[in-house]
Structure formats: C-alpha cells, structure tokens
2 protein chains.
Amino acid sequence: MERTTRQRVAIRDAIAQAGRPLSPQEVLAAAGAQVPALSLATVYRNLRLLVEAGEVLSVVLPGESARYETSQHPHHHHFQCTRCRRVFDVHACPGNLAHLAPAGFTVDDHELTLYGRCSDCQVPARRGAKAPARAPTAR
Amino acid sequence: MERTTRQRVAIRDAIAQAGRPLSPQEVLAAAGAQVPALSLATVYRNLRLLVEAGEVLSVVLPGESARYETSQHPHHHHFQCTRCRRVFDVHACPGNLAHLAPAGFTVDDHELTLYGRCSDCQVPARRGAKAPARAPTAR
DNA sequence: GTAGCTGCAAATTCTTTGCAGTTGT
DNA sequence: ACAACTGCAAAGAATTTGCAGCTAC
C-alpha cells in the first residue's frame, strides 16, 4: 500500500465516517459517490490491504458477510437486533475476561456480540405495528 | 422435517458426537461414513432445517465459514488460538451482560469469543520450536 | 400411495485474480 | 519512467435450487 489513490482515499474515508461496520457493497456505494467508476474488485483489494495494515477491522456476524470498520474507534462490541438485523456499536465492555479461559491459555483479546431487540423493535411483532423493515439496506 | 431418513440421522449424530463445531465439509465427511452416497446439498439442507428446529446452532468466526454444533450442550463460548487457529470450547461465562446494551434495548442472548494462545502455542513462535501446525485439519 | 427427501447438476452469490491500461511519485 | 494500482471480465469457491427418482410412513 504505497500510493495514495483517489479510490483508496474514498474507501478509507467511507469507513472512517460510517460509525458502524459496512459491507463491501456498502463501501462501494459510499466511496463510489466520490469516485464514480470505482469497482467492487478495488474495494475488496483495498479492504484486504487496509485490514493487513491494521487501519481497518473486519466484523463477522452469523449468517452475514463480513463488515468493515475503522480500528481508530476505541475497543467496543456489537449488538444485533434479532428482528431488524441492524448492527449497533456497544461501547461498554465486561472488562478482563482472561480468567474464563482454560488453564495454560493466554487471552489477548475478545469479541462480544449481544443479541436482542433494539429500541425500535421492542414490541413483539404484531400485525400492522409500526416498526422498521426487517432487513433494511442500511445495517 | 417430518421424516427420519438415514441421511438426517447420520448428520444429526455426527454433530452430536463431534464435541466441537463442524464445518459443512466436516459434517459430510463424518456423516458420509454412515451413508456413503450422502451429498453436500443434503448436508446443507439438513443443517438449515436442524438450525431452524433449534437442534443445532451455527458458530461463525472471522474469516472462516460457518460451523455447526449441538444445541444440547449447555451455554458456552469459544476460544480461538491466534497461532494454530484451532477452536476450543470455553465453559465459563461472564454472566448477565444485559446492562452493557444501550437504554431501551433488550438483550436476549450473547456470544463471546476469546482470542489468544492455547496451551500448545504459549511460546512466541521461534525457529524450530516444537508446536502444532498453524492450520490443522481439525479445528 | 404419496408427499417429503435425496442426489445430481446447474444456477447463484460472494470474493479473488489475470491482464492490459492508467496514474501516483 | 515505472511499478503500483485500477477496471473489467473471467475464474473460483461456497451455498442454493430445480427436478426426477427414491423412500419413510
């Protein structure tokens, strides 16, 4: 990653400003606003380079393809709403979890995902209830 | 999932007896020992049905395809060694994490993955050091 | 007997890669 | 200048699906 290309700048900025993990398609949509001819292949190539460089982290949730977010944000976790499938950042952290590992193991890091209902999906689904779509484009 | 077919029995048994999360390919290999003509498509179809029926849970770790394990095992978490990439079960649990979520959110469940070095990979890699392969078949 | 289930192969979807042309430095 | 980078299209890999035949009940 030696050069500063328009594409790379756009991709880096899109992720830095998103405030939530973006999928490759979402990165393409966001960065593509700056660089119209941006190709998905370039997005993938840069995501890999940025992850290798430690600028970006990948977030994986069950049944979904990988999302990417800045490593600049402080340590945090994620919450996925089981109804609308959106992913939110959780800035709280249970703290030191090293004692959970078996004897002889060393814990360097951890990842935590909470599942439940976000504030928009509190009421159990009922006919005609006002609520967000179940799988909105923006996650 | 109305009938008890040989294929389904073999797949269910393979997962129940594995003691660790299996990938679809591993399920095919294990269950295929009982039902030689077993096809990968059938494995995928049954994994989905078993997950929907709540008999099986899917486990997803970054950069790896989904693994499946029995839901019969008590609530537990996972530990992935950053060196040999193997996945271990962790039976400890930090407990109630509901308070970590933002106000207005309801937490029903959580998933936790610890990262670090397993007991076999404690010594930082050095030339000629005795240690397991970095990416063994069995994870 | 018949609907559910299976195997096979084709179709999808997601991600990676080869290559020739473009562009930072 | 020239190697890194990009876009396009083709290649791969993982998962899903259509369909005709098999089989549990």
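Quick note: numbers below take in every heavy atom, side chains included, and nothing from hydrogens, waters or symmetry partners. Note on naming: letters A, B, ... go to the chains in the order of the sequence lines (proteins, then strands), and numbering restarts at 1 for each one.
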Q: At under 4.0 Å between heavy atoms, which parts of nucleotides 17-25 of chain C does protein reach? Answer with one letter per nucleotide, 5' to 3': B base, S sugar-phosphate only, - none.
A: BB----BBS
Q: Starting from C1' on C:dT13, measure out to CG on A:L28 and report it in whole angstrom.
A: 16 Å
Q: Rounded to the Å, how far apart are A:M1 CE and D:dT6 C1'?
A: 16 Å
Q: What's the CG-C1' distance between B:L40 and C:dG7, to the nearest Å?
A: 11 Å
Q: Looking at residues at least two apart in the chain, or sitting in another chain, which of them share a side chain to side chain contact (heavy atoms under 4.5 Å, CB included) with A:V35?
A: A:R6, A:Q7, A:A10, A:L38
Q: Do B:H110 and A:L112 have side-chain heavy atoms sitting under 4.5 Å apart?
A: yes
Q: Can I get a per-line list of side-chain donor-acceptor pairs under 3.5 Å for residues 48-59 of chain B, giving both atom names and the distance, sequence neighbours left out?
A:
residue: B:E55; atom: OE1; partner: B:R12; partner atom: NE; Å: 2.7
residue: B:E55; atom: OE2; partner: B:R12; partner atom: NH2; Å: 3.3

Q: Quick check on D:dA14: is either OP1 or OP2 less than 4.0 Å from any side-chain nitrogen or oxygen of B:Q25?
A: no
Q: Taking atom C1' of C:dC14 as reference, at what distance in whole Å does atom CG of A:L22 sit?
A: 17 Å
Q: Sequence neighbours left out, what passes side chain to side chain contact (heavy atoms under 4.5 Å, CB included) with A:D109? Give chain and number order.
A: A:H75, B:Y115
Q: Can you list everything that forms a side chain to side chain contact (heavy atoms under 4.5 Å, CB included) with A:S39? Sequence neighbours excluded, please.
A: A:A41, A:T42
Q: Just how far, in rounded Å, is C1' of D:dT23 from CG of B:L38?
A: 16 Å
Q: Quick one: A:N46 CG to D:dG7 C1', roughly how many Å, whole number?
A: 13 Å
Q: What is the distance, rounded to the nearest whole Å, between atom CD of B:Q7 and atom P of D:dT23?
A: 9 Å
Q: Atom OH of B:Y68 to atom C1' of D:dA14: distance rounded to whole Å?
A: 11 Å
Q: Just to verify, what does B:A98 make a side chain to side chain contact (heavy atoms under 4.5 Å, CB included) with, not counting sequence neighbours?
A: B:N96, B:V107
